[in-house]
Amino acid sequence: MLDLKFIRQNPDLVREGARKKRISCDIDAILRLDEDARARGVELDQLRAEQNTFGALVAKSPPAEKKALLERLAAIKVRHNALEVGQRELEAELHKLLLRVPNVPADAVPEGKDDSENVVIKLWGEPRKFEFAARDHVALGEAQGWLDIERAARLSGSRNYVLKGDLSLLEGAVMRFALDMMVARGFVPLSVPTLVRNEIMVGTGYFPGGEDQAYRCDDRDDLCLVGTAEVPVTALHMDEIHRLEDLPLRYVAQSSCYRREAGAAGKDTRGLYRVHQFQKVEQVVIDVADPARSIEHHQAILQNSEDLLQALELPYRVVNVCGGDLGAPQIQKFDIETWMPSRAGYGETHSASRFHEYQSRRLNLRYRDGEGKVRFCHTLNNTVAASARILIALLENHQTAEGRLRLPPALVPYMGGRQVVGRAL
RNA sequence: GGAGUGGUGGCAGAGUGGCCGAAUGCGCUAGAUUGCUAAUCUGGUGUCUCUUUUAUUGGGGACCGCGGGUUCGAAUCCCGCCCACUCCGCCA
C-alpha cells in the first residue's frame, strides 16, 4: 500500500508506475474520495468537539439548564450521525481502492509487457553438452524408482508427486544445505505456520488480487494456505514498533508452499515444474526505510541464492524483471533462472523482491528511527531453494551416462557421504 | 466441541458511566548528585489523524483486543467476533 499523502503529492508518478506495470487503477477516483473524506472529517471533528464541550457541561449544570443543553446536543447528534455513516462508506471505498494501487517500480526496472521482455543481466556457468541421450527428470526419476506421479494423482489430482528413496532424501538434503548456509550467514531460522489468516494475505500484498492462486479453508475458518514462507515471516512482527538497534531482521524459514495454479491449465503439465505443493527455504529481510540500504540488501539476498546455485554447480542466469511482469507490491524484482536441459532453456527457480514500505504499511510494521520518529520498515525476500524445481535442475544437469546422479560436493555430507546415487540403468 | 475466567500504554497493573489518554511501579531517557560503577533525587516518556506554523510550536479529533449497539456522554453497560488461560470431552 502506498501512503495516501504520497499519492496526493505525486499522482503522476503513481499513474506512470501503474502504466509501467500494466496495472489499471483509477488514481483520480482515489483523489476525489480522499478530498471528500478529509472535508467531511474536518466537519465531523468539529461536531465531536462541540459534543465534547457541551456534553461535559451537562453533568455540571443545574437541572434548569440541562434541558436546553440536551436539545442542542440532540441537534448536533443528528448532523453528526448523518455525516458519519457517509464517512464510513467513503473510507471503506477509499481503502478498497488504495489496496489495489501498485507500488511504483524503480527506474532500473525495464519497460516490457511480460516475462519475454525481462532483461538478462548475468549468466553463470555453461549449460552442459551431453555426449549421451540425456533423460528428463521424469524419465530419470521414474526409471530410478524415485518419482511416482501416477499414484500422487490418485491421492491428490494432477500437479502432485511422490518422491521416493534417494530423491526424497535429496529434497531434504538441499533444504538443509540451504538452511545451514543461511544460518551461517547470520539469518535466524524460523519454523512458521503455513496456514494464515486472510488479513495476513492482505498484509503481505497477495490479496486482493491473488485469491485465485491460494487455497482457502471453508468459512468455518478464516485461513489460507500460504504460497511461500515469505507471508508468515514478513508478517511475524506486524503491529510492532521495532527499536532501531534490533534492525535489520534477517530470517530464513523452510516451509511447505501451496499454489492453486489457476489459469495455468495446460501449461508446464509434465513433471515437477509447476506443482501444487513444494518445499522451499525462503529468506526475508526487514530493515529501516532507507532506499540505498534496501538496494544493498537486495544485492545481498540475490548473492546468497547465487552462491547456493554455484555450490550446487547449476548454470543460471539473473534477469531484471520488466514492468509488465512485476507484481503490484514490488519496487523491483530479480529472478534467477536455472538451466534445465529438458526445457532447453532456463526455468525460474528464485525470485528476489524489494518492496520498500508497501508490505509494512499494510502490516503496520514499524520502527523508531534515530530521531525517535516512528517509520515504516522496508521489507525484502528471496528464495534460497525451492524443492521441486531445484530437483529438476539437479537431476537433469548432473545425470551420468549410466542414468545415475552425481552429487555436487556441497550435498555429499547431506547424503551420507555418497558422491553418486542411483543404480546404473 | 462444552463450561468458566480474562484481554488497558515497552512490561506489570489500577480503573465499573462524565473528575480517564488513563493512577502506581518497572523499564527507557535527560539532568542533578557521587573518585568510577551502583544507589538516590528531579523532569520527560504511546500511536494515528486533521488543522496552524518556514520550522519548533499551538489547537482539535480518534484509539483501553476487533466490530456493532445503548446513552447527551462508554476503558467502564449490552451484543457479535477474535485471542489467551483453566477445567471437561475428543484426538495426532
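Any value given below was found using the heavy atoms of this structure, including those in side chains, with hydrogens, waters and symmetry copies removed. To find a chain, count down the sequence lines: A is the first, B the second, and so on, and within it residues start at 1. The shown structure was predicted, so the numbers you read here are calculated from the model rather than taken from an experiment.
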Between B:C72 and A:Lys67, is there an OP1 or OP2 to side-chain N/O distance shorter than 4.0 Å?
no
Lys/Arg N to Asp/Glu carboxylate O, A:Asp34 vs A:Arg8, below 4.0 Å:
yes
Taking only N and O in the side chain of A:Arg197, is any of them less than 4.0 Å away from OP1 or OP2 of B:C83?
yes
For the P atoms, the ones on B:C78 and on B:G4, what distance do you get once it is rounded to whole angstrom?
15 Å
Whole-Å distance between B:G9 C1' and A:Ile241 CD1?
11 Å
Expressed in angstrom and rounded to an integer, what is the separation of A:Asn81 atom CG from B:G73 atom P?
8 Å
Can you see whether A:Lys280 engages A:Thr228 through a side-chain donor-acceptor pair at a distance of less than 3.5 angstrom?
yes
Pair A:His237 + A:Tyr367: ring centers closer than 6.0 Å:
no
Roughly how far apart, to the nearest Å, are B:G9 and B:U5 at atom P?
22 Å
Interatomic distance, A:Asp239 CG vs B:G7 C1' [rounded to whole Å]
15 Å
Using a heavy-atom cut-off of 4.0 Å across all strands, would you classify A:Arg366 as base, sugar-phosphate, or nothing?
sugar-phosphate
Atom NE2 of A:His398 and atom CZ of A:Arg404: how far apart are they, to the nearest 0.5 Å?
15.5 Å
P atom, B:C48 versus B:U37: distance in rounded Å?
35 Å
Pair A:Tyr258 and A:His276, ring centroids less than 6.0 Å apart:
no
Taking the P atom in each of B:G43 and B:C26, what is the distance between them to the nearest angstrom?
14 Å
Can you tell me the distance, in whole Å, between the CD atom of A:Gln46 and the C1' atom of B:U52?
14 Å
According to a strict under-4.0 Å criterion, is A:Asn52 in side-chain N/O contact with OP1 or OP2 of B:G61?
yes
What interatomic distance, in whole Å, is found between C1' of B:A75 and the corresponding atom of B:G15?
8 Å
Nearest-angstrom distance from the residue atom CG of A:Leu70 to C1' of B:C72:
5 Å
